[in-house]
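Remarks on the structure that follows.
We use all heavy atoms of the structure for the numbers below, so side chains are in, but hydrogens, waters and symmetry mates are not. The chains referred to below are lettered A, B, ... by the order of the sequence lines, with proteins before strands, and numbering in each begins at 1.
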2 protein chains.
Amino acid sequence: MSLLVVGSVALDSIYTPSDKRENILGGSAVFSAFAASFFCPVRLVGVVGEDWNPQHTAALGKQGINTEGLEVVKGGKTFRWTGKYFDNMNDRETLETQLNVLGDFKPKLPESYRRSEFIFLGNGAPSTGLEALDQLQGPGLVVADTMDLWINIAIDDLKELMRRIDGLVLNDSEAKMLTGELNTITAGKKILNYGPKFVVVKKGEHGALFMSEYEIYAVPAFPTESVIDPTGAGDSFAGAMVGYLASQGKLDTETIKKALVYGTLTASFCVEGFSLDRFQEISRKDIDARLEIFRNITQF
Amino acid sequence: MSLLVVGSVALDSIYTPSDKRENILGGSAVFSAFAASFFCPVRLVGVVGEDWNPQHTAALGKQGINTEGLEVVKGGKTFRWTGKYFDNMNDRETLETQLNVLGDFKPKLPESYRRSEFIFLGNGAPSTGLEALDQLQGPGLVVADTMDLWINIAIDDLKELMRRIDGLVLNDSEAKMLTGELNTITAGKKILNYGPKFVVVKKGEHGALFMSEYEIYAVPAFPTESVIDPTGAGDSFAGAMVGYLASQGKLDTETIKKALVYGTLTASFCVEGFSLDRFQEISRKDIDARLEIFRNITQF
């Protein structure tokens with residue numbers, strides 16, 4: 001089945017302790033759509049400005065991503081984010097955010113997208129997610145990613161969104177912030193009271209946890225030393241996870257666990273390069289080869 | 001096979017956000033010996049003072065732990081540690097340390113202990129570990145636990161110890177401190193250059209990593225909300241891990257991975273009570289029941 005991905009499309013400028021890149025392709029929708037595309041057909045909804053290089057659209061199309069829903073705003077500028085990573089490559093600082101066309105983004109789902117069975121709302125304003133859901137026809141499994149920013153400045157929209165989605169994805173610190181709980185498991189379970197049927201807590205280099213009323217699954221991260229640029233790792237994790245669920249069209253125990261594993265493995269490729277650099281070098285076969293290594297690392 | 005455990009025996013006073021206990025049984029040797037005793041016969045080497053309650057010795061003996069190597073110093077006082085946990089139950093502050101008899105501790109291995117095939121040097125001064133190793137007859141697999149204190153104040157002894165052991169166990173922050181590396185995997189691999197054939201990096205609520213020249217294994221922690229007192233969790237993890245290795249008498253892939261799992265599961269019981277409270281309520285059967293739950297949580 002297809003996966004509909006709604007989220008930000010960005011031009012990022014990234015400073016790491018040993019390197020830098022300016023105006024490279026990024027954004028939650030881009031990373032998660034590309035990650036999902038290793039597993040299922042993907043439909044992208046996002047917005048860019050006149051400064052957008054059509055070669056980016058071509059690169060997404062080459063990967064089989066449907067970009068009919070990518071709106072190009074005449075006279076507008078694409079969302080830009082500038083960030084700097086500290087020596088540990090985990091902590092980062094935002095140096096500049098230019099919302100540009102993302103500030104007024106009203107997602108417009110092309111007619112052909114409206115009957116999507118799997119929907120991923122990438123990190124972005126909760127109101128954007130709500131507007132996308134309003135345009136859907138028929139039922140679908142909806143998973144949304146969120147972050148501290150929206151917990152701080154758009155909690156009412158986020159609460160409404162949580163009542164309308166099936167799964168929420170967020171970092172462990174954000175799960176604690178959202179619930180006021182100090183234990184990750186307690187925080188995750190509490191989020192289930194807000195609406196989602198399941199919660200996926202991302203823990204970066206420590207992996208991820210899946211929680212529903214009667215289930216809990218844990219997956220460590222793929223151990224890696226080769227961290228070039230962590231930008232988009234969380235988006236890639238979530239995109240690959242939901243992409244795998246869409247590819248299977250079911251939500252049984254084995255499928256969910258394997259989706260978590262594919263999420264962590266796909267994210268482990270993402271961090272091995274800037275932007276989509278590493279993703280553009282690999283195929284599903286490379287992810288499956290890493291799956292066999294991961295099996296040896298984690299299965300007893 | 002038997003496991004020889006050398007380390008501290010303490011009377012702890014513990015303050016948590018919701019409770020407190022004074023002068024309760026603790027220490028690296030006590031937690032790791034008790035954890036190991038679920039898997040193999042254990043021989044304990046440690047030192048206490050005249051204030052020691054013989055009922056503690058009886059409690060260890062009841063669990064099948066050989067306490068012939070527990071020295072009682074006439075006129076001396078047992079090592080005491082007072083600590084306070086913060087609201088997140090992960091971070092803690094040491095309020096008071098009274099080394100007492102531990103300050104002059106020269107481990108004395110009873111004749112019957114000297115041919116131990118598996119040796120665990122619980123967290124303590126590296127010089128204590130070296131003195132214990134000098135008394136061993138014949139080869140044995142030696143695993144040592146260490147911490148930031150010894151990296152800071154006894155690095156030369158620690159370096160000598162690392163050249164004489166097979167495995168080192170330490171926290172991720174300590175692995176980074178010891179090596180000056182910022183990536184956990186890079187830090188772990190670098191420690192292999194210092195002497196140990198394998199390194200186990202403990203990550204608390206995030207589980208643990210095992211690394212040798214050609215291997216890497218990762219295990220998440222058992223997800224738990226019931227954290228009453230985390231004191232001794234790391235010692236219990238290491239003790240159970242080495243205890244399981246001793247019970248199997250081998251170091252193949254499957255045994256190592258299962259040892260890591262038993263380590264994390266045994267530690268998950270440790271934190272469910274103060275001191276040995278929870279350990280004294282359970283048996284190997286309870287740990288194996290949790291193993292089946294853990295299998296469902298982590299095996300895909």
**Region of A/Asp87 in contact with chain B, defined by heavy-atom distances below 4.5 Å** = both

**Message:** Counting only non-hydrogen atoms closer than 4.5 Å, does B/Asn90 touch chain A with its backbone (N, CA, C, O), its side chain (CB onward), both, or neither?
**Reply:** neither

**Message:** With heavy-atom distances below 4.5 Å as the criterion, would you say the side chains of A/Phe300 and B/Tyr262 are in contact?
**Reply:** no

**Request:** Please report the shortest heavy-atom distance between B/Val227 and A/Asn183, naming the atom on each side.
**Result:** CG2-ND2, 4.5 Å

**Request:** Select all residues of residues 241-255 of chain B having any heavy atom within less than 4.5 Å of some heavy atom of chain A, and report them by number, or 'none'.
**Result:** B/Thr253, B/Glu254

**Between A/Tyr217, A/Phe294, A/Phe222, the one whose heavy-atom pairs under 4.5 Å with chain B are most numerous** = A/Tyr217

**Nearest atoms (heavy-atom pairs only) where A/Gln299 meets B/Thr298** = NE2-O, 3.4 Å

**Prompt:** By a 4.5 Å heavy-atom criterion (distance strictly below it), what part of A/Glu215 contacts chain B: side chain, backbone, both, or neither?
**Reply:** neither

**Asked** Taking C-beta and beyond as the side chain, do B/Asn296 and A/Lys257 meet within less than 4.5 Å on heavy atoms?
**Response** yes

**Request:** Heavy-atom pairs under 4.5 Å with chain B are the metric here; pick the option from A/Thr184, A/Ile293, A/Thr186, A/Asn88 that has the most.
**Result:** A/Thr186

**Message:** Tell me whether the count of non-hydrogen atoms from other residues, nucleotides or ligands lying under 6.0 Å of CD in B/Glu292 goes above 12.
**Reply:** yes

**Request:** Please tell me if the side chains of B/Leu182 and A/Met89 come closer than 4.5 Å, counting only heavy atoms from C-beta onward.
**Result:** no

**Message:** Nearest 0.5 angstrom please: B/Lys203 NZ to A/Lys203 NZ, how far?
**Reply:** 8.0 Å

**Request:** Please indicate whether B/Lys84 has more than 12 foreign heavy atoms, meaning atoms of other residues, nucleotides or ligands, lying under 6.0 Å from its NZ.
**Result:** no

**Request:** Decide if atom CD of B/Glu213 counts as having more than 12 heavy atoms of other residues, nucleotides or ligands within a radius under 6.0 Å.
**Result:** no

**Message:** Is the shortest side-chain heavy-atom distance between B/Asp172 and A/Glu205 below 4.5 Å?
**Reply:** no

